[in-house]
Structure formats: structure tokens, C-alpha cells
Number of protein chains: 4
Amino acid sequence: MKRDPKGKRRRPRQTRARQTVEAILDAVMKVIKHDGIGAVTTNLIAEVAGVSIGSVYQYFPDKRAIFIALHQRHVEQIERFVVSKLVEHAASPLVVLVRAMVEAMVDAHAIDPELHELLMTEVPHRAEGTRDFAVRLHGAFRLAIAAHARELKACRDLDLTVFMVTQMVDALSHGAVLRRPPGVTLNAAKEEAVRAVSAYLRG
Amino acid sequence: MKRDPKGKRRRPRQTRARQTVEAILDAVMKVIKHDGIGAVTTNLIAEVAGVSIGSVYQYFPDKRAIFIALHQRHVEQIERFVVSKLVEHAASPLVVLVRAMVEAMVDAHAIDPELHELLMTEVPHRAEGTRDFAVRLHGAFRLAIAAHARELKACRDLDLTVFMVTQMVDALSHGAVLRRPPGVTLNAAKEEAVRAVSAYLRG
Amino acid sequence: MKRDPKGKRRRPRQTRARQTVEAILDAVMKVIKHDGIGAVTTNLIAEVAGVSIGSVYQYFPDKRAIFIALHQRHVEQIERFVVSKLVEHAASPLVVLVRAMVEAMVDAHAIDPELHELLMTEVPHRAEGTRDFAVRLHGAFRLAIAAHARELKACRDLDLTVFMVTQMVDALSHGAVLRRPPGVTLNAAKEEAVRAVSAYLRG
Amino acid sequence: MKRDPKGKRRRPRQTRARQTVEAILDAVMKVIKHDGIGAVTTNLIAEVAGVSIGSVYQYFPDKRAIFIALHQRHVEQIERFVVSKLVEHAASPLVVLVRAMVEAMVDAHAIDPELHELLMTEVPHRAEGTRDFAVRLHGAFRLAIAAHARELKACRDLDLTVFMVTQMVDALSHGAVLRRPPGVTLNAAKEEAVRAVSAYLRG
DNA sequence: CATGAATGAGTGTTCATTCAT
DNA sequence: AATGAATGAACACTCATTCAT
């Protein structure tokens with residue numbers, strides 16, 4: 001596989017391919033939001049994406065693969081988002097870090113809560129390569145928390161602690177966006193989540 | 001044609017109907033676990049349930065309704081399970097109550113974790129009547145927690161607190177069963193969850 | 001099966017049977033007019049008729065038989081109607097007779113033109129026992145026309161003449177009710193039909 | 001319409017599509033005549049037409065649409081047939097024209113009387129685009145009759161006259177083919193029809 | 001590589017009919 | 001005779017996938 005000698009120009013094929021893939025995934029999202037997953041057919045995906053059905057099968061072996069890719073993209077977007085927030089606060093004190101984590105996740109969920117919910121409840125996604133939300137975040141959170149390991153008194157098992165924090169942050173931010181009780185503001189829910197995680201970490 | 005001596009009319013309606021519905025839902029579960037949701041066809045459901053396809057449509061307007069009912073039944077089972085555990089500990093101190101809550105949820109999830117995961121990730125739900133897990137538990141948890149309201153110093157908003165506890169217990173017990181890191185025992189995960197919830201409630 | 005010794009009372013069985021049959025046929029009509037023949041199912045017929053589906057099959061061997069009976073009843077109603085008009089004018093001059101025939105048929109069609117049209121275009125009816133409209137009228141018209149045979153100069157073959165008159169009266173009255181051009185009143189169409197038939201009979 | 005001599009791209013669209021549609025309609029006719037409409041299933045249509053069931057649904061939204069198209073084609077065939085006969089006799093005297101009209105219709109009905117009858121009595125029609133036989137002929141007949149308007153003494157309303165003639169020709173030719181009394185030849189029935197229409201037009 | 005017409009196995013669903021009560 | 005739950009053969013229709021162009 002020869003690399004481009006000069007490395008200046010991107011191979012147009014790769015670029016076009018990525019564009020097409022993106023168009024297809026965008027189309028799936030659009031259709032899901034408009035009419036539910038029941039309306040998602042490969043032919044409709046192709047039509048909405050503005051490509052031929054043949055091209056869809058150029059990039060995806062079958063329909064299932066499209067859903068998996070959609071999940072992957074969605075999770076990766078959030079992951080990128082969260083990681084970037086986390087590095088910002090690499091040097092912050094623990095509470096600030098926790099607040100940043102919660103805020104990042106809430107923001108991530110708030111981008112398109114409806115779609116997130118649909119992806120989680122309606123779109124089949126159990127498959128290799130698409131590990132769950134919380135699992136994907138494990139790595140990012142581990143790094144961030146490890147930096148504060150000494151502050152954590154009761155932390156005997158870092159992996160366990162990271163696991164717990166990840167689950168809590170994921171669930172509480174998801175819940176804050178989509179299921180908080182009426183009368184509770186998003187900010188209040190956020191603060192409460194920060195409080196909960198902090199309390200846990202403090203021991 | 002023997003009429004029953006006392007009873008004027010046979011009335012197998014309610015009983016038979018419920019039996020049939022149960023048989024159908026059991027059949028769906030069986031098929032899902034055997035061959036995945038991809039293999040779930042209405043005719044197969046009928047066959048496995050030992051009823052005619054026509055009878056399936058006597059009780060469910062369409063395939064989707066079967067899935068919804070399956071979710072409902074599953075969630076209700078867990079709810080019943082959790083509630084019964086909760087009433088057992090109506091008079092217990094807070095920490096014991098929290099441990100009971102976590103244990104109940106972990107046990108509930110552990111009954112058939114595979115099925116639970118499949119129901120959540122592969123089977124389309126999202127429809128009236130199938131509110132989320134955590135939402136169903138809200139009521140049960142609220143009752144249990146309200147009894148300890150005085151002990152909760154930092155509790156300004158009971159609903160918010162209940163919401164938080166529900167989310168945490170649900171996520172942590174679900175995670176403990178299905179996503180705990182390797183090397184962490186179920187019991188350790190349980191204890192950690194109890195610790196986390198207690199820490200939050202303590203303020 | 002003993003007949004009623006005195007013969008005073010109608011056998012309730014016969015009466016009930018006829019009532020049920022009528023209720024079934026009425027139900028079919030009702031459903032057809034409400035939702036089209038596409039909506040006509042035996043179970044719905046039973047429901048609308050207020051009898052059990054089992055009772056429907058007590059009186060009709062299958063669905064087709066119901067349609068045939070419906071046609072038969074409809075045609076017989078019209079036939080009775082026309083015949084009674086015809087006997088009124090048994091002694092009238094030819095033109096009056098023709099006018100009476102046309103009027104009778106127009107009135108018959110006008111009773112429920114919509115249903116008539118539906119019966120003819122949507123409801124399958126080719127079967128023994130359900131000869132066509134015009135054929136059923138042949139006998140009635142034959143009698144009426146035969147009385148005026150001597151007036152008919154050009155009438156070499158009475159059957160042919162009756163056939164022609166029947167076709168014309170049927171088609172023209174049906175058309176007058178359902179297809180006359182805009183701007184033409186029903187009465188004008190009637191008169192024109194009378195003129196046409198008279199012209200034919202006059203030779 | 002072969003544009004490019006070299007032929008850069010095949011464009012079988014229009015032609016192939018029409019061929020397929022014709023094949024489907026022919027298949028329906030074939031099945032109806034063989035086994036009755038009861039035997040007409042979409043899959044059988046596809047099989048007999050030599051196309052896949054998927055292709056059937058490429059051209060028709062549902063089964064009903066196939067029947068409608070079949071009616072349309074049938075009526076259009078007859079219309080074309082009649083019109084061509086009519087233009088042949090554009091300059092003929094009235095009686096000859098009437099004879100031509102009757103003959104055209106009789107011939108049209110006689111092409112396949114069985115199918116015609118089945119289409120009319122067994123196949124659901126009645127939908128936009130499938131106006132009745134007589135209505136379709138109205139235009140053709142109007143043109144033909146208008147040319148002789150001066151000869152028609154008693155014709156006050158051309159539309160009414162055309163309506164009457166259309167109804168009569170349709171009914172009498174249809175009846176001549178399918179319902180003439182035994183002992184009456186087709187030719188005799190034709191002549192009688194010509195006589196009837198002529199008598200009407202003469203006033 | 002792209003296209004999109006064609007495919008056809010497979011599915012959900014209906015509904016005429018039966019028969020135990 | 002009446003009932004109506006149950007039946008299941010049969011059907012209309014979909015849609016993932018292919019492949020000739």
C-alpha cells in the first residue's frame with residue numbers, strides 16, 4: 001500500500017468514500033427522526049442520502065452494519081467531545097474535574113437527546129465493535145481520575161472506581177437531560193450529579 | 001354436554017386469555033434467546049406458543065404490540081420483585097434499606113441478564129405504556145426513601161433525591177451485573193454501589 | 001317434524017329464520033355503503049347483523065352465497081315493484097304502458113342508486129339463480145307487451161321485441177338515474193326514454 | 001426513439017416498462033379466464049407474466065390498481081376500435097352510421113364476450129379513471145352524431161341525444177352478444193338494434 | 001466504481017370456516 | 001339452533017440484496 005509520495009493531496013477516493021458514508025449515516029438519522037426506525041429501509045436510505053442503493057452496498061455489507069456504524073459514529077462523537085473537555089481540566093482539582101465530566105456528558109446528551117434515545121431504544125446495536133456507551137468512556141475517565149488517585153482515600157481498586165464513576169456520570173447526565181422530574185432545572189440536576197459523584201469519590 | 005351444576009355459564013375468558021398471552025410472550029422470549037430477534041416471526045411465535053397465528057392476532061393487534069407487552073411484563077416483574085423487597089425493609093435503617101434496594105435490583109437483573117440486555121438493545125420498545133425502567137421504580141423508591149426523610153440532611157427536594165437514587169441504583173446494579181470490570185466480583189460491585197448511594201444520601 | 005295442527009300460528013322457526021336472513025343481508029348492504037365491499041367480511045356481517053358468525057353459516061353455505069342472495073333480493077324487490085306498476089296499466093294504451101314501464105324502472109333505480117351501482121360493479125354476482133336484471137324483467141314485460149301485440153305493426157318476433165324493450169328500458173332508466181348529462185333533468189330523460197321506446201315499437 | 005447512433009446508454013425504461021405492464025395485464029386476463037377471479041393472486045400474476053412479484057409492485061401500487069388498469073385497457077381498446085370504425089363512416093348517411101356504430105360495438109363485445117362479462121360482473125372496478133363504458137363512448141358518438149345534426153328533426157339537445165344513443169347502442173349490442181333470446185341470430189339482433197336507434201333518431 | 005431495475009424469499013396479517021360447548 | 005373462540009391456509013406486500021449495464 002504505497003503512501004502518496006508527496007503527501008500533499010488527499011486521495012480523492014478516500015475523501016469521497018467518507019463523504020458517502022457520512023451522507024448515508026446522516027440519511028439514516030434523518031429518516032429515524034422523521035418516521036421512526038420502522039421506516040428505515042435501505043432503499044430509502046440511499047434515496048435520502050442521494051446515492052444509489054448499489055453505492056450503499058459498496059460501503060456496508062448489509063443493513064445491520066449501517067446501524068452499527070451509526071452507533072459507532074454517535075458514540076465516538078460524544079467520546080471526542082468528552083475527552084476534549086477532560087484534557088482542558090487535566091490539572092484542575094477533583095471537584096472541578098467531576099463537574100467538567102458531568103457537564104461534558106450532559107452537553108453531549110443535550111445535543112440531540114431525542115436521537116440518542118432512539119438510538120438506544122429502537123435501533124438494534126448489540127455487535128462486536130459497538131461496546132456500550134459507558135464502556136467507551138471508561139478509558140477517558142480512567143485517565144482523568146488516575147491523575148487524582150492519591151486524593152481518593154477509599155480507592156482500593158482504580159478500575160472499580162472508574163467503572164462506578166463512569167456508570168454514575170453516564171446515567172445521571174442521561175437522566176438529567178431526559179428524565180429529570182418536573183420542577184427540577186437542568187442545572188440543579190447537574191449540580192446534584194456532581195454532588196453525588198463527589199460524595200462517592202470522597203468515600 | 002354437561003352444564004356445570006351450579007355455574008350458569010362457563011367463563012374461561014379471562015383465565016384462558018391470560019394463559020394464551022403468557023404463552024405467546026414466553027414463546028417470544030424463547031425464540032429471542034435461541035436465535036435472536038431476527039428470528040422472531042409472528043408465525044414462529046404462534047408455533048412455539050402452541051397456538052394458531054390467528055389466536056396471536058386475537059390478543060395483539062400487531063407484532064409491535066407483542067414486543068411492547070413483553071417489555072411491560074418484564075418491567076412489571078422486576079417492579080413487583082423490587083417492591084416486595086422494599087416492603088420487607090420498611091422499618092430498616094437507611095443503609096440497610098439502600099443495600100436492600102441495590103440487592104433487589106441486582107437480583108432482578110441477574111435473573112436473566114442476557115434477556116434483559118437483549119430486550120434493552122435489540123427489541124424496539126418506546127411506546128405508551130412502556131416507560132423506562134427507572135421511571136417505573138420511581139414510585140417504589142420514593143415511598144421507601146420518604147420514610148427516612150428526616151435522616152437526609154441535605155435533602156431539599158425529595159423528588160430530586162428519589163430521582164437520583166433511582167438512576168444510580170438502576171445504572172449501578174445493571175452495570176454490576178453486565179459490565180463490571182474483570183476481577184471485580186458481583187458482591188464487591190454491589191457493596192460499592194451501596195457505598196455510593198449511601199455517600200450521596202449522607203450528603 | 002309436526003306441523004302445527006291448527007295452522008293458526010306461524011312456525012316461529014321459519015319466521016326467525018327469515019328475520020335472520022334479512023338482518024344478514026341488510027348488514028351486508030350497510031357495510032358496503034359505509035366502507036365498500038373491501039370491508040365486507042363474514043365476521044363483520046355477523047356483528048353488524050347482530051347474530052353470531054355461526055348463525056350466518058347456518059343460513060348460508062359460504063360468503064359467495066350471501067352475495068348471490070343479496071343480488072336476488074335486490075332484483076326481486078325491483079321486479080315486484082315493476083310488476084305491480086305494470087298490472088296497474090294492464091288496460092292502458094301502449095304509450096301509457098311504456099311510460100309506466102320507464103317510470104317504474106326509474107323509480108326502482110332511484111330508490112338507492114348508489115347501492116344499485118355498487119351491487120353491479122363491485123359485488124361479484126355471476127352464478128346460477130342470479131340472472132341479470134334485464135332477464136328477470138323479461139317475463140314481466142313480455143306479459144305487458146303481449147297485450148298490445150296487434151298494435152305493433154313491425155313486430156314479427158315477440159320475444160325479440162320484448163328483449164329489445166327490456167334492454168332499452170333497463171339501460172335508459174339506469175342511465176337516466178346515474179349517468180344523464182348535466183343540465184338534463186330526470187323527467188326530461190324519462191320522457192326521452194319513453195319517446196325512444198315508443199318510436200321503436202311504432203316501427 | 002433511438003437518439004444516439006452509437007448508443008452510450010441503454011434506456012429501456014419506457015419500452016420495457018410498457019411491455020412489463022402489458023405482460024402483467026395479459027397474465028391477469030389469462031388467469032381470470034382459466035380459473036376465475038378467485039384464482040387471481042398477485043404472486044400468480046407475476047408467475048404467469050414471467051416477472052417477479054417485486055416487479056409487479058414496481059408498476060402497480062396494489063392489487064386493486066391492477067384491476068383498474070385492466071378495465072382501463074379493455075375500455076380503451078374498445079374505444080379505439082369504435083372510433084376507428086366511426087371515422088370510416090364520417091361521411092356516410094345517418095342509417096349507415098348507426099349501423100356502423102352498432103356493428104362496431106357488437107364486434108367489440110364479440111371479441112371476447114366471456115372476458116367482457118367477467119370484467120363487468122366479477123372484477124371490482126369503480127374508481128377514478130375507470131368511468132363507465134358508455135361514458136367513454138360519449139365523446140366518440142357525439143362527434144359522429146353532431147355531423148348529422150341537421151337531419152335530426154327532433155333533436156333539441158344534442159347531449160341528450162348522444163347520451164340516449166350511447167346508452168342504447170351499448171346496451172343493445174351488449175345484449176345482442178350476451179343475452180339475445182334463443183332463436184334470434186346475432187345479425188337479426190344487430191338489425192333490430194339499428195332499427196331501434198334509427199327510429200329514435202328519426203323522432 | 002456507480003447505478004437502479006429486478007429479484008423473490010420471507011413476513012405480517014386477514015378472514016372464511018369449523019366445531020366444541 | 002346458537003355461539004364465538006380458535007383455526008390456519010392463503011394472501012398481499014416488503015425490502016434487503018444482487019448484478020447487468
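Predicted, not measured: the structure shown is a model, and the values here were computed from it. Just so it is clear: chains get the letters A, B, ... in the order the sequence lines come, proteins before strands, and each one is counted from 1.
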Study note, to complete from the structure: In whole angstroms, the gap separating P of E:dC15 from CD of C:Glu47 amounts to 13 Å
Review point. Which residues satisfy the side-chain contact (heavy atoms from CB on, under 4.5 Å) test with C:Ala27, sequence neighbours excluded?
Key: C:Ile45, C:Val48, C:Ala49
Review point. Just how far, in rounded Å, is P of E:dA6 from CD of D:Gln19?
Key: 11 Å
Check your understanding: Nearest 0.5 Å, what's the NE2-CG distance between D:His116 and D:Leu118?
Key -> 10.5 Å
Review point. For B:Asp62, which residues count as a salt bridge (Lys or Arg N to Asp or Glu O under 4.0 Å) partner, sequence neighbours excluded?
Key: none
Check your understanding: Expressed in angstrom and rounded to an integer, what is the separation of B:Ile24 atom CD1 from F:dA5 atom P?
Key -> 15 Å
Review point. Under a 3.5 Å cut-off on both pairing distances, which runs of 3 or more consecutive Watson-Crick or G-U pairs involve DNA chain E?
Key: E:2-21 with F:2-21
Point to revise | Set of residues satisfying side-chain contact (heavy atoms from CB on, under 4.5 Å) with respect to A:Gln77, sequence neighbours excluded | key: A:Arg73, A:Arg80
Exercise for review: Identify, with sequence neighbours excluded, every residue that meets side chain to side chain donor-acceptor pair (under 3.5 Å) alongside A:Thr42.
Suggested key: none
Exercise for review: Figure out the CD1/P separation between C:Ile45 and E:dA16, and round it to whole Å.
Suggested key: 7 Å
Study note, to complete from the structure: Protein-proximity profile, nucleotides 7-14 of chain E, B/S/- by nucleotide at the 4.0 Å heavy-atom cutoff, equals BBB-SBBB
Study note, to complete from the structure: Residues passing the side-chain contact (heavy atoms from CB on, under 4.5 Å) test with D:Thr41, sequence neighbours excluded, are D:Asn43, D:Leu44
Exercise for review: Tell me, please, which residues at least two apart from C:Val21 pass side-chain contact (heavy atoms from CB on, under 4.5 Å).
Suggested key: C:Leu25, C:Tyr59, C:Phe60
Exercise for review: Using the salt bridge (Lys or Arg N to Asp or Glu O under 4.0 Å) rule, collect all pairs that involve residues 31-58 of chain D, keeping only residues at least two apart or in two chains.
Suggested key: D:Lys33-D:Asp112
Practice item. Please state whether the phosphate of F:dA6, meaning OP1 or OP2, lies under 4.0 angstrom from any side-chain nitrogen or oxygen of B:Tyr59. Key: yes
